[in-house]
Amino acid sequence: MSKKIAIIGGGNLGISIAEGLLAGGFTEPGNITVTRRNLTLLQPLSQKGIRITSDNLAAAQESDVVLLAVKPYQIKEVVKELVPVIGADKVVISVVTGVSMKEIGDELVSKGAVPVFRAMPNTAIAIRESMTCISHVNASQEQINWVLELFNQVGRVVVIEEKLMDAATVLGACGTAYAMRYIRANIQGGIEIGFDAKTASLIAAQTVKGAAELLLQKGTHPEQEIDKVTTPKGCTIAGLNEMEHQGLSSSIIKGISASFIKIQMD
Ligand SMILES: NC(=O)C1=CN([C@@H]2O[C@H](COP(=O)(O)OP(=O)(O)OC[C@H]3O[C@@H](n4cnc5c(N)ncnc54)[C@H](OP(=O)(O)O)[C@@H]3O)[C@@H](O)[C@H]2O)C=CC1
Ligand SMILES: O=C(O)[C@@H]1CCC=N1
């Protein structure tokens, strides 16, 4: 029988997850409940048949899987609220940045060994193109398989040690924003060299998508693919070298490090 899923915290990511699960046909809309305090903003989900409520306790009680998608500073209060209805028969999945499975488990200690997962997806989950990193504790193989299948339905998934979850947040979740900024810069450059914004956007986005698909489908390294484009004395290497003279790779690496340090500090 299909599991019922409660998404506690229907914001940017919570809504994207709900949309991705629907798009993939992973479950029926009626098996998904999304909560938030300001219900008005969940109306579009309701129109798709997803249940919406501001009652976290009822949503969790009626569900087999409780997916926590509130902000980091909100999670402890929310988990405390859900303790009466969470037990070892339920699966808890947290997508909350920087909050460990132990911190969540400590709030549930009175309920025995509750299966807790951490999942770090990104907003491309809405179109089933997420990269999701998963860690887990106290979970049966059946529960692990189900959670992996859930996130496989909405993109690609990899199981990692929890100590890498902050790094996964940066590379895989913040990474969507980094990629968008790179694409935006290409659009700005494209406009400068003659394209209208719409055509530049199409070319920039499809070119980045194609580059990523080359790596994912062929298993090659970026430099192998770059060597196929950089004709000797050609325009590609002239542009690439100028970008490196301006600090392209270094700025990306420093940015990733800055995001990581920010998580560690919070
Ligand atoms: N956005 C992203 O790309 C990613 C985000 N994350 C993590 O996911 C979590 C959510 O991020 P994001 O979606 O961007 O943040 P948002 O602020 O967009 O979403 C958080 C949601 O939680 C709701 N909320 C807050 N308190 C409660 C409560 N007590 N009961 C029910 N709902 C509540 C808020 O709605 P209201 O105020 O109406 O209650 C809001 O919709 C964060 O921990 C973030 O670190 C992880 C990976 C990627
Ligand atoms: O920026 C943030 O803190 C969250 C985590 C990853 C994406 N958004």
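Each ligand, and each atom within it, is numbered from 1 in the order the structure gives.
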In ligand 2, the atoms that come under 4.0 Å of a heavy atom of Thr169 are 5 (C), 6 (C)

Apart from Phe195 itself, members of its ILVMFWY cluster (side-chain separation under 4.5 Å) are Ile203

Do the side chain of Glu103 and the main chain of Ser100 share a donor and acceptor less than 3.5 angstrom apart?
yes

Heavy-atom distance from atom 6 (C) of ligand 2 to the protein below 4.0 Å?
yes

Here the atoms of ligand 2 under 4.0 Å from any heavy atom belonging to Ala173 are 6 (C)

Open item on the list: Would you say Asp196 and Thr199 are linked by a side-chain donor-acceptor pair, where the criterion is simply a distance under 3.5 Å?
Closed with: yes

Give a yes-or-no answer on whether the side chains of Glu149 and Asn145 include a donor-acceptor pair shorter than 3.5 Å.
no

Indicate whether any N or O donor in one side chain lies under 3.5 Å from an N or O acceptor in the other, for Gln246 and Glu242. yes

Grouping ILVMFWY residues whenever side-chain heavy atoms fall under 4.5 Å, the cluster of Leu57 otherwise contains Ile8, Val66, Leu68, Val70, Ile75, Val78, Val79, Leu82, Val83, Val85, Ile86, Val92, Val96, Val99, Met101, Ile104, Leu108, Val114, Val116, Val137

Less than 4.0 Å from some atom of ligand 1, heavy atoms are found in residues Gly9, Gly10, Gly11, Asn12, Leu13, Thr35, Arg36, Arg37, Asn38, Asn56, Ala69, Val70, Lys71, Pro72, Gln74, Val78, Val95, Val96, Thr97, Met120, Pro121, Thr123, Ala173

min-distance protein heavy atom vs atom 1 (O) of ligand 2 -> Cys174 SG, 4.9 Å

Closest heavy-atom pair, Lys4 versus Glu62, reported as atoms and distance to 0.1 Å, is CD-O, 3.3 Å

Within 4.0 Å of some non-hydrogen atom of Thr97, the atoms of ligand 2 are 5 (C)

Hits for ring-ring contact (aromatic ring centres under 6.0 Å, His included) against Phe151, two or more places apart or cross-chain, chain-then-number order -> none

